[in-house]
Each structure stands twice: as structure tokens, then as C-alpha cells.
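A quick write-up on the structure given underneath.
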Amino acid sequence: METNYQESKSVTEAKLIMNLGMACRLALMPNLMKCPTVRQRATELEQYLKSNTCTEVFKINFIEFTGQLNEISSMRVNCVNKVLLFRLKQQEKPVIHISNRISDWKNRQLIAAEVGHE
């Protein structure tokens, strides 16, 4: 991730944590570190931590203790800036609803036509 020198450390850390938390939320594997997206986001955070000093809030939440990323995962950063992720509970599989816009439009046209004829 490119560092924008205009933004503060806390904003950069928040973005990295948010991206990692979202990847953990979308990962369906029981072991979060086996998901390629989670590994990529964790690597981005590790690279940031190797080249920058973290804020005091980040240090308190994730280095000194294991901090919660979201309702299903938590994170701890060890002394060599290695990110460790833990699943707190198994997430229900997301439900994705797919709609066919053409069918929906045709159904609306039919309903409108039936209402107009009565």
C-alpha cells in the first residue's frame, strides 16, 4: 500500500485494519490465515508496521493485547510485527440474492396491464 504523507498514521492504520476486518468477515474458511485475501491484507499491514512506528492506540489494542477486529475475528501483532488472526465464532454463510431485472420488469408490465384492464 502506498503511503500518502498527507494522511495521518491513525487514518492509514484504520484503513488497513478495516480492509483486514472485511477480508476476515468474507472468509468462509475456519482458519482465517488460509484465505488468500486475508493473507494479502495481513501482509499489507505487516509491511506497514515494518516501515512505520504504530500509534499508541494501535499498540494498546493489538500489540499489548489481542484486539477484536469485528464480531467474528480478533488480531494480535507479535514482537516481530507478524499478524496473528483468530476466529471468535464461525460466521453464517452469506446469502446472496440474485434478481433478473428483465423478468422483474416484465412482471411489473403484466401486473400494470392487468390492473389497467379491470
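The residues of the chain are indexed from 1 along the displayed sequence.
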Applying side-chain hydrogen bond (donor to acceptor under 3.5 Å, both in side chains), can you list everything that pairs with Glu71, at least two apart in sequence or on another chain?
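Scan of Glu71 (side-chain hydrogen bond (donor to acceptor under 3.5 Å, both in side chains), adjacent residues dropped) gives Arg25.
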
Tell me, please, which residues at least two apart from Ser73 pass side-chain hydrogen bond (donor to acceptor under 3.5 Å, both in side chains).
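Result, side-chain hydrogen bond (donor to acceptor under 3.5 Å, both in side chains) vs Ser73: Asn70.
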
For residues 26-41, which side-chain donor-acceptor pairs fall under 3.5 Å, sequence neighbours excluded?
unit_1 : atom_1 : unit_2 : atom_2 : d
Asn31  : OD1    : Met33  : N      : 3.1

What distance do Asn78 atom CG and Glu46 atom CD have between them, rounded to the nearest 0.5 Å?
8.5 Å

Review item, side-chain donor-acceptor pairs of residues 55-65, under 3.5 Å, at least two apart:
unit_1 : atom_1 : unit_2 : atom_2 : d
Thr55  : OG1    : Glu13  : OE1    : 2.6
Thr55  : OG1    : Phe58  : N      : 3.3
Asn61  : ND2    : Val57  : O      : 3.3

Flag the pair [X] / [Y] as yes when at least one side-chain heavy-atom distance between them is below 4.5 Å, and no otherwise.
X	Y	answer
Met75	Thr66	no
Val83	Thr43	no
Leu16	Leu49	no

Applying side chain to side chain contact (heavy atoms under 4.5 Å, CB included) to Lys82 and Val77, what does each step give before you reach the verdict?
CA-CA 5 Å; Lys82 183 75 176 161; Val77 180; over 6 Å; no

Smallest separation among heavy atoms of Ile72 and Cys24, with atom names:
CD1-O, 3.6 Å

If only atom types and distance count, is the side chain of Lys9 paired as donor or acceptor with the main-chain N or O of Thr53 below 3.5 Å?
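A pair under 3.5 Å: yes.
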
Tracing side-chain links under 4.5 Å among I, L, V, M, F, W and Y, which residues wind up in one group with Leu84?
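Phe86, all in the cluster of Leu84.
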
Side chain to side chain contact (heavy atoms under 4.5 Å, CB included) partners for Lys50, two or more places apart:
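If we apply the side chain to side chain contact (heavy atoms under 4.5 Å, CB included) test to Lys50, skipping adjacent residues, the hits are Asn81.
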
